[in-house]
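This is a predicted model, so every value here is computed, not measured.
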Amino acid sequence: MRCNVCIMPGETNHDSLQEKRWLTALNEGDTRALGGIYELYGERIFRYTFRMLGNRSDAEDITAETFLRVLRRSGELRADGAFRTWLFRIARNLCIDKMRQHKLMELPPDASIAGTEEKSTLRITVQQALSELPTEYREPLVLCDLEEMAAREAAEVLKISVPALKSRLYRGRRALRDKLGGTQE
Amino acid sequence: MNNIYDKLVDMYAGQELAEDLNAELEAVASTNPALKSDMTSLRATVTRLQSDDDGAYTDETHARILMKLYARAGELQTGAPEPIYLQYQLPMSG
């Protein structure tokens, strides 16, 4: 297996070395390494799927499924800097499938995240605003503004050009501002 | 995008501008209320989005996902046994 280490934006050298270590172990058949890979990326993938779906239970399922795909494809994995992009792409495809299912079944977004604290109220409002945005605007906002992913990597995840990503981000930020307009602090 | 200011405001909101350009844009905005309002509200939107992020991933979330992951991974590894015709090598012909 080729294991060139390439540091991605928002990632430390330590993370990159860890990624290489776990991917090498998984590639050699050590399935325990899946836990290590999950520790590196699990939280980010969950946050991404939660923001995309607005439903905690679905986000947990999709996150678990994303890492299961890693296990299934463990023989093909390479720690060459593209792993994280690949991981987000899998999560994205699974989210799109889930959104299609919801559309067919007309399921409402998760109401169980409601709380009484001020911060919870703020979170619901932002999440609701995000949920109301078209997917093509929501995706760049989540990847670039929430996950702080570089434009180039986010464009790779979404399979679009960097200018197209920036254009969507531009429109998405303004659309979100309009949605939040009445409650802007 | 309509004009260069729109692009600059967008970069300002995302805090992607270099320090000198940032200061220059703020100076221009100080004499242009519409621009200032656009800049302030868009940056507030991005900041609000970013500050809204923490707390969604709890210890319970972590534990539930790992349980789901290991349960499904276990199914994957201890799934249906290999069919009988794959368990033994066929005699070579010829």
| query | Who are the salt bridge (Lys or Arg N to Asp or Glu O under 4.0 Å) partners of Arg92(A), not counting sequence neighbours? | reply | Glu139(A)
| said: According to salt bridge (Lys or Arg N to Asp or Glu O under 4.0 Å), who are the partners of Asp38(B), at least two apart in sequence or on a separate chain? | reply: Arg174(A), Arg177(A)
| task | Would you name the heavy atoms of Ala64(A) and Lys68(B) that are closest together and state the gap between them? | result | CB-CB, 3.8 Å
Let me confirm one number: the [atom1]-[atom2] distance from [X] to [Y], rounded to the nearest 0.5 Å.
| X | Y | atom1 | atom2 | result |
| --- | --- | --- | --- | --- |
| Glu39(A) | Leu66(B) | CD | CG | 6.5 Å |
| Tyr38(A) | His62(B) | OH | NE2 | 6.0 Å |
| Arg72(B) | Phe67(A) | CZ | CZ | 13.0 Å |
| Leu176(A) | Arg48(B) | CG | CZ | 8.5 Å |
| Leu49(B) | Gln127(A) | CG | CD | 9.5 Å |
| Glu147(A) | Gln50(B) | CD | CD | 11.0 Å |

| said: Checking Tyr57(B) against Arg44(A) for the side chain to side chain contact (heavy atoms under 4.5 Å, CB included) test, could you report, in this order, the C-alpha distance in whole Å, the side-chain angles of both residues, the deciding distance, and whether it holds? | reply: CA-CA 9 Å; Tyr57(B) 187 83; Arg44(A) 297 191 67 186; over 6 Å; no
| Quick one: of Leu130(A), Asp61(A), Leu34(A), Leu141(A), who has the most non-hydrogen atom pairs under 4.5 Å with chain B? | Asp61(A)
| remark: Per-residue tally against chain B (heavy atom, under 4.5 Å) across Leu169(A), Thr63(A), Val142(A), Thr66(A) peaks at Thr63(A)
Kindly work out whether a path of hydrophobic side-chain contacts (I/L/V/M/F/W/Y, heavy atoms less than 4.5 Å apart) joins [X] to [Y].
| X | Y | value |
| --- | --- | --- |
| Phe88(A) | Ile96(A) | yes |
| Tyr170(A) | Val162(A) | no |
| Leu25(B) | Leu21(B) | yes |
| Tyr5(B) | Val46(B) | no |
| Leu42(B) | Val28(B) | yes |

| Are the side chain of Arg173(A) and the backbone N or O of Asp10(B) linked by a donor-acceptor pair below 3.5 Å? | yes
| message | Arg56(A) vs Thr61(B), test: side chain to side chain donor-acceptor pair (under 3.5 Å). Steps then yes/no. | response | CA-CA 9 Å; Arg56(A) 180 171 287 274; Thr61(B) 306; 2.7 Å; yes
| note | Max heavy-atom pairs within cutoff under 4.5 Å with chain A, candidates Gln15(B), Arg64(B), Met11(B), goes to Arg64(B)
| query | Side chain, backbone, both or neither: which part of Glu16(B) has an atom under 4.5 Å from a heavy atom of chain A? | reply | side chain
